[in-house]
Each structure stands twice: as C-alpha cells, then as structure tokens.
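Right, one structure below, let's go through it.
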Amino acid sequence: MRPAAYATAMATLDDAARLALRLPETTEVERYGNRSWAVSGKVFAWERPFSKADIRRFGDATPPEGPILAVRVADLGEKQAVLSEHPAEFFTIPHFEGYAAILVQLRRIRTPTLREALLDGWLACAPRALADRYAKD
C-alpha cells in the first residue's frame with residue numbers, strides 16, 4: 001500500500017502525457033511550441049500557458065499557478081457541469097468563452113480526476129467507431 005503522502009500527490013504535465021498516451025491512437029504533437037495530444041488528428045488536450053493578454057485580464061487577481069492544461073469537452077453544457085463540480089481543479093478564462101474546453105490547474109488536480117478529464121476530452125474528439133470500440137473493451 002502506498003503511503004498517504006503519495007496517494008494524494010498532484011498531477012504534472014508528464015502525468016498528463018502518460019495518461020493521454022494510454023488512450024487508443026493518441027499521438028503527442030507540438031502546437032505553438034507546446035505539447036499537445038491528439039486522436040485522429042484532432043487535439044483533445046494541450047499545454048496552455050497564459051498569454052500576456054490572459055494575464056492582463058486577471059487584473060488584480062492572481063492567475064492560477066503552475067502548468068495549465070486545456071482539455072476539450074463534448075459541449076458547453078458539459079463544460080459548465082465540470083466547472084461547477086470541480087471549481088478547485090478546473091477553470092476557464094475569457095479567451096475560452098463559448099469554446100468547449102476547460103483549463104486544468106495541474107498543481108491542484110489528483111491523477112484520477114485528470115485521467116477522467118482526459119478520457120472525456122478524448123471521447124469528444126475520437127471518431128465514433130474508435131470511441132465505440134474503446135467503450136466495448
């Protein structure tokens with residue numbers, strides 16, 4: 001059994017890569033100089049550092065720290081549900097308004113929750129036949 005200190009360890013970008021690459025037909029690609037993960041050419045997760053404009057939009061508020069990961073979701077309803085259920089781990093910014101993706105503060109998320117988010121993102125982007133085969137396994 002793992003000691004409690006390790007059982008609650010937060011995720012890293014390398015954890016995200018490892019989890020994403022376990023999903024069928026996932027490849028790691030570079031987009032805009034950042035690591036991204038795609039299925040059948042559709043990116044479902046990517047490293048998302050804040051731009052200068054993003055940081056300005058935070059105003060006096062402190063932007064979330066550490067590496068940030070963006071993950072696709074099926075639709076805006078799912079996005080709202082995820083943001084409501086997990087406000088400490090997931091968030092959004094004005095740049096993502098109207099876009100079916102969430103932002104993940106990796107320093108705050110536990111690996112099982114990250115795994116679930118990546119799977120949901122993968123399912124949102126995978127071809128229907130591949131997603132159906134995955135669900136049967």
Side-chain angles (χ1 to χ4, degrees):
M1 186 163 189
R2 296 171 67 185
Y6 294 106
T8 60
M10 298 302 157
T12 66
L13 194 56
D14 287 337
D15 291 329
R18 179 179 46 79
L19 293 168
L21 290 169
R22 286 182 179 169
L23 296 166
E25 298 184 29
T26 295
T27 57
E28 185 170 328
V29 296
E30 186 176 304
R31 282 183 42 189
Y32 309 107
N34 297 305
R35 295 168 78 179
S36 303
W37 297 272
V39 57
S40 297
K42 291 185 178 181
V43 172
F44 65 90
W46 61 100
E47 182 181 10
R48 178 47 167 89
F50 293 126
S51 68
K52 290 178 185 175
D54 292 331
I55 292 171
R56 277 195 306 273
R57 287 186 192 109
F58 279 100
D60 292 336
T62 303
E65 293 181 1
I68 303 297
L69 188 72
V71 180
R72 291 291 308 266
V73 292
D75 55 40
L76 295 177
E78 181 181 351
K79 177 179 182 172
Q80 190 57 46
V82 170
L83 293 172
S84 295
E85 288 177 35
H86 302 278
E89 297 96 344
F90 301 107
F91 67 101
T92 192
I93 56 175
H95 182 79
F96 278 64
E97 189 173 318
Y99 185 64
I102 54 176
L103 296 171
V104 182
Q105 192 171 357
L106 290 174
R107 288 186 179 173
R108 291 192 171 197
I109 195 166
R110 294 180 183 193
T111 303
T113 306
L114 176 59
R115 181 183 303 115
E116 183 179 339
L118 288 167
L119 174 58
D120 288 348
W122 183 88
L123 288 168
C125 294
R128 176 70 132 189
L130 178 59
D132 288 347
R133 278 195 315 269
Y134 180 79
K136 288 179 183 179
D137 288 344

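Since the model is a prediction, treat every value here as computed from it, not as a measurement.
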Working note: Ile68 + Glu47, criterion side chain to side chain contact (heavy atoms under 4.5 Å, CB included); need CA distance, chi angles, decisive distance, verdict. CA-CA 6 Å; Ile68 303 297; Glu47 182 181 10; over 6 Å; no
Could you give the distance from [atom1] ([X]) to [atom2] ([Y]), rounded to the nearest 0.5 Å?
X: Ile93; Y: Arg57; atom1: CD1; atom2: CZ; value: 7.0 Å
X: Gln80; Y: Glu85; atom1: CD; atom2: CD; value: 10.5 Å
X: Phe91; Y: Leu83; atom1: CZ; atom2: CG; value: 10.0 Å
X: Glu89; Y: Leu103; atom1: CD; atom2: CG; value: 13.5 Å
X: Thr92; Y: Ile102; atom1: OG1; atom2: CD1; value: 9.0 Å

If hydrophobic clusters are built from ILVMFWY residues whose side chains come within less than 4.5 Å, do [X] and [Y] share one?
X: Ile109; Y: Leu21; value: yes
X: Val43; Y: Leu130; value: no
X: Val71; Y: Leu76; value: no
X: Phe50; Y: Leu106; value: no

Go through the structure and list residues passing side chain to side chain donor-acceptor pair (under 3.5 Å) with Arg31, not counting sequence neighbours. none
Tell me which pairs pass ring-ring contact (aromatic ring centres under 6.0 Å, His included) where either residue lies in residues 61-87, with sequence neighbours left out. His86-Phe90
Using 4.0 Å as the upper bound for N to carboxylate O, is an ion pair formed by Lys79 and Asp120? no
Tell me if the CZ atom of Arg108 is crowded by more than 12 foreign heavy atoms within 6.0 Å.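 At most 12 heavy atoms, drawn from other residues, nucleotides or ligands, come within 6.0 Å of this atom.
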Tell me, which pairs form a salt bridge (Lys or Arg N to Asp or Glu O under 4.0 Å) where one or both residues lie in residues 94-107, sequence neighbours left out? Glu65-Arg107
Return yes if some donor-acceptor pair links the side-chain N/O of Asp54 with the main-chain N/O of Ser51 below 3.5 Å, else return no. yes
Is a side-chain N or O of Trp122 found less than 3.5 angstrom from the main chain of Ala131, in a donor-acceptor match?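 Looks like no, no N/O pair under 3.5 Å.
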Flag side-chain contact, heavy atom, 4.5 Å: [X] against [Y]:
X: Asp14; Y: Arg18; answer: no
X: Leu114; Y: Leu69; answer: yes
X: Val39; Y: Leu23; answer: no
X: Arg115; Y: Leu118; answer: no
X: Met10; Y: Arg110; answer: yes

What pair of heavy atoms forms the shortest contact from Phe44 to Gly121, and how long is it?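 Taking Phe44 first and Gly121 second, the nearest heavy atoms are CB-O, 3.3 Å.
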Give the minimum heavy-atom separation between Arg72 and Cys125, together with the two atoms involved.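 Heavy-atom minimum between the residues: CG-SG, 3.9 Å.
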For the pair Trp46 and Phe96, name the ring-plane relationship: parallel under 30°, tilted 30 to 60°, perpendicular over 60°.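 Parallel.
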